[in-house]
Amino acid sequence: PEYLDYLDLLAESVNMGCINTFADLKKALLLRMDYFDSMGCTVSDHGMEFVMHVPASEDELEAIFLKRQNRMIPTREEELKFKTAFMLFVGREYARRNWVMQLHCSVKRDNNKAMYKKVGADTGFDCISSYTPSSELADFLNALAETDALPRTVLYSLNPFYILLSRK
């Protein structure tokens, strides 16, 4: 499924009809987090190439969301702004629920475009990445800490080079 398909599945799972705005998306996510919390969930897990921090206004975020809803592809900067806002939102919610936020980085997704077209996303064609902008990670964590909303956090890299560095 593509991103818009996932939004439809999310809307269906929380009986919302449809998700038309970023505000709707956050509402739907809150409902799912409430459900998972009621089932005993205490840990989240996010795999990403890197933790970004590119702040945006609510108006910018709604425009980016609308652009994607209209099946247009956001620019790289818009993508990073949206992902930042998404991660800050869920991070604050994890803190409010006393969940652990697990972030595993240094993964490059869907490298083999031919196989992606044949078998889809996240089907074994990911690889290790060495791109790790630590200043953006620090800014992201600080943005949560400044509002007293930094959840307990587990950070780890899928790149063994960084694991070796941390053991010295």
Side-chain angles (χ1 to χ4, degrees), residues 3 6-7 10 14 19 21-69 72-111 121-122 126-168:
Y3 179 72
Y6 284 116
L7 290 181
L10 176 60
V14 295
I19 296 173
T21 64
F22 186 48
D24 288 345
L25 175 59
K26 292 190 285 188
K27 179 181 176 183
L29 291 170
L30 286 174
L31 292 169
R32 291 309 291 162
M33 283 188 230
D34 288 344
Y35 169 77
F36 282 102
D37 195 60
S38 75
M39 300 303 289
C41 181
T42 59
V43 180
S44 68
D45 180 34
H46 298 274
M48 56 191 71
E49 186 175 0
F50 66 98
V51 178
M52 69 288 306
H53 186 259
V54 184
S57 70
E58 288 297 318
D59 288 343
E60 285 178 283
L61 296 168
E62 289 296 351
I64 294 165
F65 190 88
L66 182 61
K67 183 177 186 177
R68 189 65 186 101
Q69 283 290 93
M72 297 168 61
I73 303 300
T75 65
R76 179 68 171 158
E77 183 179 359
E78 290 170 332
E79 177 188 343
L80 295 175
K81 285 179 176 183
F82 190 82
K83 286 180 177 180
T84 297
F86 176 90
M87 290 303 299
L88 288 171
F89 169 74
V90 296
R92 288 182 188 107
E93 288 303 316
Y94 300 153
R96 192 171 69 77
R97 289 172 169 74
N98 199 30
W99 288 9
V100 173
M101 178 174 63
Q102 181 173 261
L103 304 171
H104 59 276
C105 307
S106 300
V107 60
K108 180 154 183 344
R109 301 272 187 213
D110 305 321
N111 303 291
D122 304 322
D126 298 341
C127 70
I128 294 169
S129 169
S130 61
Y131 181 65
T132 56
S134 60
S135 62
E136 288 192 44
L137 169 62
D139 290 345
F140 169 77
L141 295 173
N142 185 56
L144 291 170
E146 283 185 323
T147 58
D148 198 29
L150 179 63
R152 291 174 295 146
T153 303
V154 175
L155 299 168
Y156 65 95
S157 173
L158 296 182
N159 188 332
F161 173 77
Y162 297 107
I163 296 168
L164 293 173
L165 286 178
S166 68
R167 290 185 180 168
K168 289 185 176 186

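Note: hydrogens, waters and symmetry copies are ignored here, and every other heavy atom, side chains too, is used. Here, residue 1 is the first one in the sequence, and each next residue gets the next number.
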### Message
A quick test of your reading: do over 12 heavy atoms of other residues, nucleotides or ligands sit less than 6.0 Å from OH of Tyr35?
### Response
no
So which heavy atom on [X] is nearest to which on [Y], and how close?
| X | Y | value |
| --- | --- | --- |
| Phe22 | Phe86 | CZ-N, 4.2 Å |
| Asp37 | Arg97 | OD1-CB, 4.1 Å |
| Leu25 | Ile19 | N-CG2, 3.5 Å |
| Met52 | Thr84 | CG-OG1, 3.2 Å |
| Ala149 | Ala95 | O-CB, 3.3 Å |
| Leu80 | Phe50 | CD2-CZ, 3.8 Å |

Does any non-hydrogen side-chain atom of [Y] lie less than 4.5 Å from one of [X]?
| X | Y | result |
| --- | --- | --- |
| Thr21 | Lys27 | no |
| Met33 | Leu29 | yes |
| Leu88 | Leu144 | yes |
| Met48 | Met87 | yes |
| Ile128 | Val107 | no |
| Val43 | Val154 | no |

Just by modelled atom types, is the [Y] backbone N or O under 3.5 Å from a matching donor or acceptor in the [X] side chain?
| X | Y | answer |
| --- | --- | --- |
| Arg152 | Asn98 | yes |
| Ser135 | Pro133 | no |
| Glu136 | His53 | yes |
| Ser44 | Val100 | yes |

### Task
Assess whether side chain to side chain contact (heavy atoms under 4.5 Å, CB included) is satisfied between Val51 and His46, documenting all intermediate values.
CA-CA 10 Å; Val51 178; His46 298 274; over 6 Å; no
What distance do [X] atom [atom1] and [Y] atom [atom2] have between them, rounded to the nearest 0.5 Å?
| X | Y | atom1 | atom2 | answer |
| --- | --- | --- | --- | --- |
| Ile64 | Lys83 | CD1 | NZ | 12.0 Å |
| Asp24 | Leu10 | CG | CG | 10.0 Å |
| Phe82 | Glu77 | CZ | CD | 15.0 Å |
| Leu66 | Gln69 | CG | CD | 7.5 Å |
| Ser157 | Leu103 | OG | CG | 12.0 Å |
| Glu60 | Glu78 | CD | CD | 8.5 Å |

### Summary
Sorted by chain and residue number, the side-chain hydrogen bond (donor to acceptor under 3.5 Å, both in side chains) partners of Asp45 (sequence neighbours excluded) come out as Gln102, His104
## Note on the structure
Sorted by chain and residue number, the side-chain hydrogen bond (donor to acceptor under 3.5 Å, both in side chains) partners of Arg96 (sequence neighbours excluded) come out as Glu93
### Query
Is the Trp99 ring parallel, tilted or perpendicular to the Tyr94 ring (thresholds 30°, 60°)?
parallel
### Listed partners of Phe140 passing ring-ring contact (aromatic ring centres under 6.0 Å, His included), at least two apart
none
### Task
Given side chain to side chain contact (heavy atoms under 4.5 Å, CB included), test Arg68 with Ile73 step by step and report yes or no.
CA-CA 6 Å; Arg68 189 65 186 101; Ile73 303 300; 4.3 Å; yes
